[in-house]
Every structure is written in C-alpha cells, then in structure tokens.
There are 2 protein chains.
Amino acid sequence: MGATKTEHFTDSQNQIAMIAKALGHPARIAIIEYLLKVDTCICGDIVNELPLAQPTVSQHLKELKNAGIIKGNIEGNAICYCIDEKTLTIIKDYFSKIILTLTDQKCC
Amino acid sequence: MGATKTEHFTDSQNQIAMIAKALGHPARIAIIEYLLKVDTCICGDIVNELPLAQPTVSQHLKELKNAGIIKGNIEGNAICYCIDEKTLTIIKDYFSKIILTLTDQKCC
DNA sequence: AATATTTATCGTAATATTGCAATATAAAAA
DNA sequence: TTTTTATATTGCAATATTACGATAAATATT
C-alpha cells in the first residue's frame, strides 16, 4: 500500500487531482506567481527567486511541467519557462462549475 | 529533509498550496463530486460510495475537513458532511485571477 | 442491558515527496 | 579549447502520504 489507487476513479477525477496535486506546494505556487509577475517567458532566473537549492527548484519545475502547468523552451544554454494557460483553465473551469452548482444548494 | 519549508513562503502561497494539496487526490475529488451530486448534506453514505476501506475514507474526509473544504455536523450516530463554499471560492477566485492576468500576456 | 451501526483512531507496511550535495550535461563566453 | 553559466540527474536521508486491519468510541435499536 501507499500508492494512490487511480484505477478506481474516473479519468476526469484523476486529471483534476493530478493538476491540484502539482499545485499543492508553496514553492510551485511561488513559481507560478513569479512567471505571472514578470509577464513574459523567463530564461534562467527562477532559481535565484526561490529560497531553495537549485536541484530542488529544478525538481519542482519538472513536476509543474509534467502536470502541464508550465512549458519550457530551450533557448541557448538557458530554458524559457512560461505558464500553460490551457491546463490552468481546466481547473479554473472545474471549480467555477462546482461553485455555480453549490449556490443552488441549501445545506447545513 | 522531506518536510516542506512553509516558513519561506507567504501566507497566501501556503494557503493556496494547502487547499490544492487537499484536492490533490482522486478519492477526495470523488467525495466532493458526490456531495455535490446528492445536493444536500450526507449523513453516513460516503463510505459505500467509494472503492476504499472505511478507515481510508475517514482519513480522506479528515484531510478535507482540515483544509476547510468540507464541514461535518454530528447528527445522531452519523455525521453530516457538506461542502464549505467559502474555501472552494478562495481557490476558484485565485485561479480566475491568474487566468485573467494571463490573457493579457503575450508569451511563448 | 445487549447488539448493531457509524465513524474515528491506532498501528503498521508500502510508497511518495521534499530537499540537497555531488555530479553530469550542454551551450556560451573567454 | 578551457572556463563559465544554466539546468538536469543521481543518490540519499528525512518526512509525508496512502491504505487497511484491528479496535475504540458513541449513539441507535432491540
């Protein structure tokens, strides 16, 4: 045991959970906020922005990339990162729909 | 090591990450979707809905409760669970704002 | 009171995550 | 070509998560 039983859940449930999980770390939220703040692709500047060692930041970037939340383009000896709007839109829309459904509910 | 260095990040970043983390498991997404589907508080029915053992479900419910995503009221020998709109609204608004900021950006 | 029902907690095994030092890789600059 | 710069990978230790059997706790039913 210890491994999530993804096979018991729907593709949609696994997808939303996977994106949410990737967002479930303050360093990764900080990375997203930084990419948003600078307002363009960032080529080699992220490590200095975070209070973590370079391999740790690299690992967090990898997880965001695997979840489809950011994209990385090789640009010389640096890598340009930016937010992948598509994926963030998926969870935004998902939670928007939940909130909309909820307001119709009378409960607790 | 192994523990997240929350002290290095802002309260906001930690809060968003904490909520996202609680949503980062398909069983917990399934619980939320079930609470939404039945359209009222649920008193003792969640365990049968999920393909997991009762202690496991209880643990997932606890995590959702700790993150403020669901509320539980004792009702006789059962417990009534329902979604806490406030908390889901926090992340919905957060990601809405991010998407809005993003559309102004020309990138990659 | 005895039993059933519902949920929580404990203990534990399996696995995943976090973080970093050391090292590798690859392109740029000297 | 050597050195510098930027990022990734490896290996490892510390900690967290996931899952469940066993058991506890608390109310309901008989």
Side-chain angles (χ1 to χ4, degrees), chain A residues 1-9 13-14 17-31 34-35 38 41-67 69-82, chain B residues 1-9 13-14 17-31 34-35 38 41-67 69-82:
Chain A
M1 294 103 213
T4 296
K5 293 188 157 184
T6 51
E7 68 275 15
H8 293 317
F9 303 98
Q13 287 165 346
N14 282 315
M18 198 255 266
I19 299 170
K21 189 177 184 181
L23 295 165
H25 193 289
R28 296 194 287 265
I29 294 293
I31 288 171
Y34 181 63
L35 287 174
V38 293
C41 298
I42 273 302
C43 305
D45 204 13
I46 296 178
V47 171
N48 302 317
E49 270 296 311
L50 293 180
L52 295 168
Q54 179 268 323
T56 309
V57 175
S58 185
Q59 208 171 250
H60 284 305
L61 287 167
K62 193 180 176 182
E63 271 171 80
L64 286 170
K65 218 163 32 176
N66 286 343
I69 295 166
I70 63 172
K71 291 179 286 189
N73 297 72
I74 297 166
E75 194 96 354
N77 71 335
I79 292 190
C80 268
Y81 284 110
C82 61
Chain B
M1 295 102 210
T4 296
K5 293 190 156 181
T6 52
E7 70 274 14
H8 292 317
F9 302 98
Q13 286 165 346
N14 283 316
M18 200 254 267
I19 300 170
K21 190 177 182 179
L23 295 166
H25 193 289
R28 298 195 285 267
I29 295 293
I31 288 171
Y34 182 62
L35 287 174
V38 293
C41 297
I42 273 302
C43 305
D45 205 13
I46 296 178
V47 171
N48 303 317
E49 271 295 311
L50 292 179
L52 294 168
Q54 180 268 323
T56 308
V57 175
S58 187
Q59 207 171 250
H60 283 305
L61 287 167
K62 193 179 177 183
E63 270 171 81
L64 286 170
K65 216 162 36 175
N66 286 344
I69 296 167
I70 63 172
K71 292 179 287 191
N73 298 73
I74 296 165
E75 194 96 354
N77 71 333
I79 291 189
C80 268
Y81 284 111
C82 61

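Below, chain A is the first sequence line, B the second, and so on; all start at residue 1. Both backbone and side-chain heavy atoms feed into the values below; hydrogens, waters and symmetry mates do not.
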Undergrad: Any N or O donor-acceptor pair under 3.5 Å from the base of D:dA8 to the side chain of A:Q54?
TA: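 Answer yes: a donor N or O sits under 3.5 Å from an acceptor.
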
Undergrad: Which is more 5' along DNA chain D, the nucleotide nearest A:L61 or the one nearest B:A27? Just name the residue.
TA: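 This one resolves to A:L61.
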
Undergrad: Counting only side-chain N and O atoms of B:K5, is one of them less than 4.0 Å from OP1 or OP2 of D:dA14?
TA: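 Looking at the OP1 and OP2 atoms of D:dA14, neither is under 4.0 Å from any side-chain N or O of B:K5.
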
Undergrad: Indicate yes or no: at least one non-hydrogen side-chain atom of A:H60 is less than 4.5 angstrom from one of A:L64.
TA: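 Sidechains of A:L64 and A:H60: no contact.
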
Undergrad: OP1, OP2 of D:dT17 versus side-chain N and O of A:K21: anything below 4.0 Å?
TA: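 The answer is no; no side-chain N or O of A:K21 sits under 4.0 Å from OP1 or OP2.
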
Undergrad: Measuring only between side-chain heavy atoms, which start at C-beta, is B:N14 closer than 4.5 Å to A:I29?
TA: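 In short, these two side chains do not touch, never coming nearer than 4.5 Å.
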
Undergrad: Taking the side chain as every heavy atom from C-beta outward, state whether B:I69 and B:R28 have any pair of such atoms under 4.5 Å apart.
TA: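 Result no, sub-4.5 Å side-chain heavy-atom pair not found.
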
Undergrad: Within the 4.5 Å heavy-atom criterion, are A:Y34 and A:L50 side-chain neighbours or not?
TA: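 The answer is no, as the side chains (C-beta and beyond) never meet within the 4.5 Å cut-off.
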
Undergrad: Between C:dA26 atom P and A:N73 atom CG, what is the distance in whole Å?
TA: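 Checked: the CG to P distance equals 18 Å.
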
Undergrad: What integer distance in Å separates A:N66:CG from D:dA8:P?
TA: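 In whole Å, D:dA8 P lies 11 Å from A:N66 CG.
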
Undergrad: Starting the side chain at C-beta, find the nucleotide from C:dT7, C:dA21, C:dT18 nearest to A:P55.
TA: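 My answer, after comparing the listed nucleotides, is C:dA21.
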
Undergrad: By nearest heavy atom, map B:Q59 and A:S58 onto DNA chain D; which one lands nearer the 5' end?
TA: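 Residue closer to the 5' terminus by nearest nucleotide: A:S58.
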
Undergrad: Picking from D:dT18, D:dA8, C:dG19, which would you name as closest to the side chain of A:K65?
TA: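 Nearest to the side chain of A:K65 among the choices is D:dA8.
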
Undergrad: Between atom NE2 in B:H8 and atom P in C:dT18, what is the gap in whole Å?
TA: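 Interatomic distance, NE2 of B:H8 to P of C:dT18: 15 Å.
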
Undergrad: Given C:dG19, is OP1 or OP2 found less than 4.0 Å from the side-chain N or O atoms of A:H60?
TA: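 Yes, within the criterion.
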
Undergrad: Please report the distance, rounded to the nearest Å, between NZ in B:K62 and C1' in D:dC20.
TA: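 Rounded to the whole Å, the gap is 15 Å.
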
Undergrad: Between B:T56 and D:dT18, is there a contact of a side-chain N or O with OP1 or OP2 at under 4.0 Å?
TA: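 For B:T56, the contact criterion (side-chain N or O under 4.0 Å from OP1 or OP2 of D:dT18) is not met.
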
Undergrad: Could you tell me how far apart B:D45 (CG) and C:dT5 (P) are, to the nearest whole angstrom?
TA: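 To the nearest whole Å, that distance equals 15 Å.
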
Undergrad: For the side chain of A:H25, starting at C-beta, report the closest nucleotide among C:dT18, C:dC20, D:dC20.
TA: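 The closest nucleotide is C:dT18.
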
Undergrad: Looking only at side-chain atoms of A:L52, point me to the closest of D:dT15, D:dA8, C:dG19.
TA: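 Side chain of A:L52 sits closest to C:dG19.
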
Undergrad: Send over the distance from B:E7 CD to C:dT18 P, rounded to a whole Å.
TA: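 One finds 15 Å between P of C:dT18 and CD of B:E7, rounded.
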
Undergrad: Whole Å only: how far is the CG atom of B:L64 from the C1' atom of D:dT18?
TA: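 After rounding, the gap between these two atoms is 14 Å.
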
Undergrad: On DNA chain C, nearest-nucleotide positions of A:P51 versus A:T4: which is more 5'?
TA: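 The residue whose closest nucleotide sits nearer the 5' end is A:T4.
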
Undergrad: What is the ring orientation for B:H25 with A:F9, classed by angle as parallel under 30°, tilted 30 to 60°, or perpendicular over 60°?
TA: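 Because their plane-to-plane angle is over 60°, the rings of B:H25 and A:F9 count as perpendicular.
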
Undergrad: Whole angstroms only, please: what is the CD1-C1' distance between A:I74 and C:dA27?
TA: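 From A:I74 CD1 to C:dA27 C1': 10 Å.
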
